[in-house]
Amino acid sequence: MMSLTAQADITLRLADSLPSGHIIHQVITAPFIEAVKKETGGQVRIEHFPGEQVGKARDMLSLTQAGVIDIGYVVPAYASDKMPLSAGIELPGIFTDYCQGMAALYTLTHDGGYLETSEFAANKVIPLVTFLLPPYQIVLGTDRKIASLKDLSGLKIRSAGGPMDFMIKGLGMIPVRMAPPEIYESLSRGTIDGALLPYMSVESYGITGLLKSGTSQINFGTVALTYSIGAEKWKKLPEPVRTALTKVSADISKSACKSFEAVEGKLYAKLDNEGSRAIGFGPADQKEIAAIFDRAGSDWAASLDQRGKAGSAALAAVKQAVAGSR
């Protein structure tokens, strides 16, 4: 615990778009808030505003930049026009081990990492806690039996956008972009056939009872998530507070993957016990999936290069960070 006795009490406002009780609150947000309080001897208090009380998910970056909130749930995928390069770590198949991917993200977003300097600094926010959702899986509400890749053809699948769209199209499916709270109604009405989600999001958004089948242990992509602080607010904080926030953020960022892995395993087992069919692919299909993942990454990088963004450089930086995290 750091001594901040010479400093006045500080209250930081933290806001996100997640519903109360979400697994991210349990694994990330609540432990972060408590650890900051403990590390600063109670002199730094974080006031939490969940469930879009302050603003929509897509507005968290601008709200943090403007100082309306001090620490925001800044998700690059929700601000892809301003933070397109961060999607490199979200690419399908970019890592095979989840904790390896989490470590790579931390490297990219801290201590002068590629994404910290190229995207977060440019947007006047500083990443504190950074983490990835567990690798997305294909979860289906349709009765169609999936025995091979060709059986996926034509299915309408909810996508988070970005490189996930390239991958869904490569698998012969049709990407449909929508916010997570819209998935339940769309799936129940048959507007979509399924979604790409980690199982903890399946649980959090209440769609477990609608599912008939799903994959496991394949990295169909993910989403990078952060709690970031406004650069101007960061400059105004006393040095001991910045040190405490940095330490706590590193501890949470580096330990969360094991907690998420455990949750993910339990939820998949629960679906299996409730009769959801496991989708598996043979060796030939697995080889084709790997090739589709590679093409999705190349297509993503090329599309950014064509727009004058450093897609190829970002992809190279991500691959280097992943390799260094093995």
Side-chain angles (χ1 to χ4, degrees), residues 87-101 104 132-177 187 192-202 207 210-223 261 264-265 267-303 311-312 315-316 318-320 322-323 325-326:
I89 191 64
E90 303 173 349
L91 289 166
I94 197 71
F95 57 83
T96 54
D97 179 83
Y98 175 43
C99 290
Q100 175 192 29
L132 299 169
L133 289 182
Y136 279 42
Q137 304 301 321
I138 298 173
V139 293
L140 300 177
T142 175
D143 287 320
R144 184 190 297 190
K145 292 184 178 181
I146 308 299
S148 67
L149 275 182
K150 68 176 184 293
D151 297 324
L152 297 173
S153 180
L155 291 175
K156 298 185 294 295
I157 301 294
R158 178 266 173 178
S159 170
M164 205 169 284
D165 283 354
F166 290 106
M167 186 267 298
I168 290 173
K169 291 175 183 177
L171 291 169
M173 301 184 293
I174 301 167
V176 181
R177 295 192 190 187
L187 196 58
I192 57 174
D193 298 299
L196 276 167
L197 288 171
Y199 283 101
M200 68 181 210
S201 294
V202 167
I207 64 174
L210 300 176
L211 299 184
K212 306 295 178 61
S213 61
T215 61
S216 69
Q217 298 183 339
I218 303 176
N219 180 8
F220 284 104
T222 182
V223 171
E261 278 187 330
E264 196 77 351
L267 292 175
Y268 180 75
K270 176 183 175 183
L271 277 171
D272 185 52
N273 291 335
E274 292 176 356
S276 180
R277 295 189 300 271
I279 297 174
F281 299 103
D285 280 344
Q286 291 179 29
K287 185 176 180 180
E288 178 61 20
I289 288 171
I292 290 168
F293 287 173
D294 284 342
R295 287 197 298 272
S298 298
D299 289 347
W300 169 79
S303 71
S312 293
L315 182 57
V318 169
K319 287 182 176 180
Q320 182 178 12
V322 170
S325 301
R326 290 196 176 99

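Given the structure is predicted, the values throughout are model-derived calculations rather than measurements.
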Exam field: side chain D151 to backbone S148, donor-acceptor pair closer than 3.5 Å:
yes
At what distance, to the nearest 0.5 angstrom, does CD1 of I289 lie from CG of N219?
11.5 Å
I want to check something: taking the side chain as every heavy atom from C-beta on, are I94 and L315 in contact at a cut-off of under 4.5 Å?
yes
Between E90 (side chain only) and V223 (backbone N and O only), is there a donor and an acceptor less than 3.5 Å apart?
no
Can you check whether I174 reaches I192 side chain to side chain, under 4.5 Å on heavy atoms?
no
Distance, nearest 0.5 Å, that separates CG of L187 from NZ of K156:
11.0 Å
Can any side-chain N or O of Y199 pair as donor or acceptor with the backbone N or O of V139 at less than 3.5 Å?
no
How long is the span from the CD atom in Q217 to the OG1 atom in T96, to the nearest 0.5 Å?
11.5 Å
Pairwise distance CG(L211) to CD1(I207) - rounded to 0.5 angstrom
5.0 Å
Partners of Y136 by ring pair (Phe, Tyr, Trp, His ring centres under 6.0 Å), sequence neighbours excluded?
none
Salt bridge (Lys or Arg N to Asp or Glu O under 4.0 Å) contacts in which one or both residues fall within residues 269-287, not counting sequence neighbours:
E203-K270
Side-chain heavy-atom pair R158, L197 within 4.5 angstrom cut-off
yes
Please tell me whether S325 and Q100 have a donor and an acceptor in their side chains that are separated by less than 3.5 angstrom.
no
Examine distances only and state if a side-chain atom of S153 and a backbone atom of K150 form a donor-acceptor pair shorter than 3.5 Å.
no
Considering all heavy atoms of both residues, which atom of T215 and which atom of Y268 are nearest to each other, and what is their separation?
O-CE1, 3.8 Å
Would you call L171 and I292 a side-chain contact if the rule is heavy atoms closer than 4.5 Å?
yes
Passing candidate, side-chain contact (heavy atoms from CB on, under 4.5 Å) with I138, options I146, L155, D193, L196:
L196
Would the number of heavy atoms belonging to other residues, nucleotides or ligands and lying under 6.0 Å from CD of E261 be above 12?
yes
Closest heavy-atom contact between V318 and G88?
CG1-O, 3.7 Å
Please find the pair of heavy atoms, one from P92 and one from A296, that lie closest to each other, and give the distance.
CG-CB, 4.2 Å
Mind checking whether W300 and D165 have side chains closer than 4.5 Å, heavy atoms only?
no
Can you find a pair of side-chain heavy atoms, one from P175 and one from K169, that are under 4.5 Å apart?
yes
Would you say Q286 has more than 12 foreign heavy atoms packed within less than 6.0 Å of its CD?
yes
Look only at the side chain of Q137 and the backbone of G214, and say whether a donor-acceptor pair between them is shorter than 3.5 Å.
no
In the structure I gave you, are the side-chain heavy atoms of S276 and K212 within less than 4.5 Å of one another anywhere?
no
Side-chain contact, heavy-atom cut-off 4.5 Å: S159 with V176?
no
Excluding sequence neighbours, so at least two apart, what forms ring pair (Phe, Tyr, Trp, His ring centres under 6.0 Å) with F95?
none
